[in-house]
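See below for the structure under consideration.
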Amino acid sequence: MVITFSGGKIIATPHELVVRLDGEHRVTLQAQVDAIQLIGKGANVVSANGSECKWSIKLDDEQQLRDIANEIGCDIL
């Protein structure tokens, strides 16, 4: 599933999440689903925290967070 947000695109599969940020530098963030935490209640943040990575990104709205949660099978905190 591809989710477009103001900063770029998120590609969500049952196994991993890839965030491609727009802009000159074309940054790509990737994490396995086990390292992903979804934070709702107005924050709308995707956080990856694993032994090999640590990053977070704020989404535009909670619907985008729900779409990711449905695709990867993760609860929203």
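As the structure is a computational prediction, the values presented were derived from the model and not from experiment.
In this structure, Asn49 and Gln37 have side chains that are not in contact, with every pair of non-hydrogen atoms separated by 4.5 Å or more. The side-chain heavy atoms of Gln64 and Asn44, taken from C-beta on, include no pair separated by under 4.5 Å. Side-chain contact between Leu65 and Val46 is present, with heavy atoms from C-beta onward closer than 4.5 Å. Proximity of Asp22 to Phe5: side-chain heavy atoms (C-beta onward) are nowhere separated by under 4.5 Å.
Cluster membership for Val27 and Ile36, using ILVMFWY side-chain heavy atoms within less than 4.5 angstrom, is shared. Side-chain heavy atoms closer than 4.5 Å link hydrophobic residues (I, L, V, M, F, W, Y) into clusters, and following such links, even through other members, never connects Ile3 to Ile39. One hydrophobic cluster, built from ILVMFWY side chains closer than 4.5 Å, holds both Trp55 and Leu21.
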- side chain to side chain contact (heavy atoms under 4.5 Å, CB included) between Ile10 and Leu59, intermediate numbers included: CA-CA 10 Å; Ile10 298 172; Leu59 301 179; 3.3 Å; yes
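Of all heavy-atom pairs between Ile72 and Ala12, the closest is CG2-CB, 4.1 Å. The two residues Cys53 and Ala31 make their nearest non-hydrogen contact at SG-CB, 4.3 Å. Looking at every heavy atom in both residues, Val33 comes nearest to Pro14 through CG2-O, 3.4 Å. Scanning all heavy atoms of the two residues, the minimum distance from Glu71 to Met1 falls at OE1-CB, 3.7 Å.
A donor-acceptor pair is defined here as one N or O able to donate and one able to accept, closer than 3.5 Å; such a pair exists between the side chain of Lys58 and the backbone of Ala43. With Asp67 contributing its side chain and Asn70 its backbone, the two residues share no donor-acceptor pair below 3.5 Å.
No more than 12 heavy-atom neighbours from other residues, nucleotides or ligands sit within 6.0 angstrom of NZ on Lys9.
Separation of atoms CG (Leu17) and CG (Leu38) is listed at 8.0 Å; rounding is to 0.5 Å. How far CD of Gln32 is from NE2 of His15: 9.0 Å, rounded to the nearest 0.5 Å.
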